[in-house]
Amino acid sequence: MENLIEIESFHKKNIVQRVIGHVKGAKKSPTIIAFGGIHGNEPAGINALQQVFKRIKDENISLIGNFYGISGNINAISENIRFKNVDLNRIWTKEEILKLPLNKELYEESKEQYEIYIIIKDILKKEKGPFYFLDLHTTSSVTEPFITISDSLNNRNFSSHFTIPTILGIEEYLDGPLLTYINEFGHISVGFEAGQHESAVSVDNCIAFLWLALVASKCVKKEEIKNYDFYKNSLTLFSEDQDFYKIDFKYSIKPFEVFKMVKGYKNFREIVKHELLAHSNGNEIQSHIKGKIFMPLYQKKGDDGFFIISRISKFWLKTSRIARKLRFHNFLKLLPGVSSDKNNSYTLIVNPKTAQFLATDIFHLFGYRKKILKNDKLYFIKRDRKISEFI
Ligand SMILES: [Zn+2]
């Protein structure tokens with residue numbers, strides 16, 4: 001592949017620091033916090049952040065609010081591996097975080113997590129909102145850039161500024177991503193997948209995304225960035241639409257399973273029913289539905305083999321927006337088999353039989369995502385929420 005990124009140089013030169021950059025603007029708000037390298041084999045985000053901070057300095061670009069760049073899994077970055085012991089983007093749960101200050105024998109990742117956690121907490125305490133969290137990633141397969149968000153209306157509004165596909169509700173299929181945790185406190189948080197890990201275009205896409213995000217969040221005026229239109233166009237080039245997609249299926253790789261994706265799947269490629277997608281321990285894995293392939297796994301580490309996604313209709317998007325604004329979700333609580341969780345106002349406890357009858361789509365419509373099955377009950381967690389103290 002041409003134009004490979006030189007990643008080894010990052011750590012040797014000791015370039016990767018936890019805080020890649022911080023620029024204070026004329027006002028206290030908004031505050032933008034961007035992460036790069038949460039996965040150690042994805043250096044594009046860090047590279048892009050370094051370049052953007054350098055340009056702000058070199059060209060004396062004035063900011064209105066605050067802009068922070070934070071690096072993720074520094075240890076893994078130095079070895080160009082996704083993670084050493086645990087995936088740093090799968091451990092952001094309350095249980096894990098509560099354990100952090102108490103546990104002295106932590107995995108490398110948990111130590112890094114604790115540092116990042118303290119920084120986030122500190123920023124949220126001393127700076128002024130609105131806060132926008134951006135997480136820069138790349139994928140093992142070839143892909144056009146896309147966005148992933150939890151399905152809250154504020155996330156949707158923000159992602160509408162970018163003319164690239166947006167995938168809703170991936171957190172329903174993943175445990176403990178950083179952004180889902182941040183989202184629980186009501187802050188806008190958007191994941192950006194820039195392209196393939198080693199492709200130099202991924203760095204350019206991250207740079208374009210960062211400038212567009214700084215403008216969309218009103219942290220920088222468009223006029224301050226000479227080639228703003230170039231950035232805008234460079235992301236638009238990849239895709240003619242900015243459609244929203246939902247996840248219909250995830251293939252989970254089991255421990256000790258030998259999983260091999262059929263070669264050559266580009267992200268978002270259309271697939272038909274019964275199409276041969278991968279092999280598991282030598283046996284064929286065929287698609288049981290039609291749709292588009294999403295995040296096919298072409299690297300050794302990772303438990304998600306592939307996803308199948310489909311486009312969400314404009315009608316559904318509009319209906320769900322209206323329903324949530326009118327707070328129709330309160331009607332759900334009146335249904336038999338559905339009750340509010342007394343400990344958490346954003347959670348509905350649902351009898352699995354009721355859930356089957358109502359179909360998960362209804363809960364999605366009102367902004368609830370199925371999260372856990374506990375004591376024979378399903379817990380649906382609402383994504384739209386008020387700002388609360390980060391803990
Ligand atoms: Zn990643």
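Whatever order the structure lists them in is the order used to number ligands and atoms, beginning at 1.
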For the residue pair F249 and F307, is the inter-centroid distance of their aromatic rings smaller than 6.0 Å? no
Does the separation of the ring centres of Y132 and F158 fall below 6.0 angstrom? yes
Quick check on the 6.0 Å ring-centre criterion: do Y346 and Y368 meet it? no
According to the ring pair (Phe, Tyr, Trp, His ring centres under 6.0 Å) rule, which pairs have a member within residues 83-117, sequence neighbours left out? Y117-F390
Side-chain donor or acceptor of E42 paired with backbone N/O of G37 under 3.5 Å: no
Tell me the protein N, O or S atoms under 2.8 Å from the Zn ion (ligand 1), in chain and number order. H39 ND1, E42 OE1, E42 OE2, H137 ND1
Flag yes if M261 and V272 sit in one hydrophobic cluster, no otherwise; membership is Ile, Leu, Val, Met, Phe, Trp, Tyr, and two members link when side-chain heavy atoms are under 4.5 Å apart. no
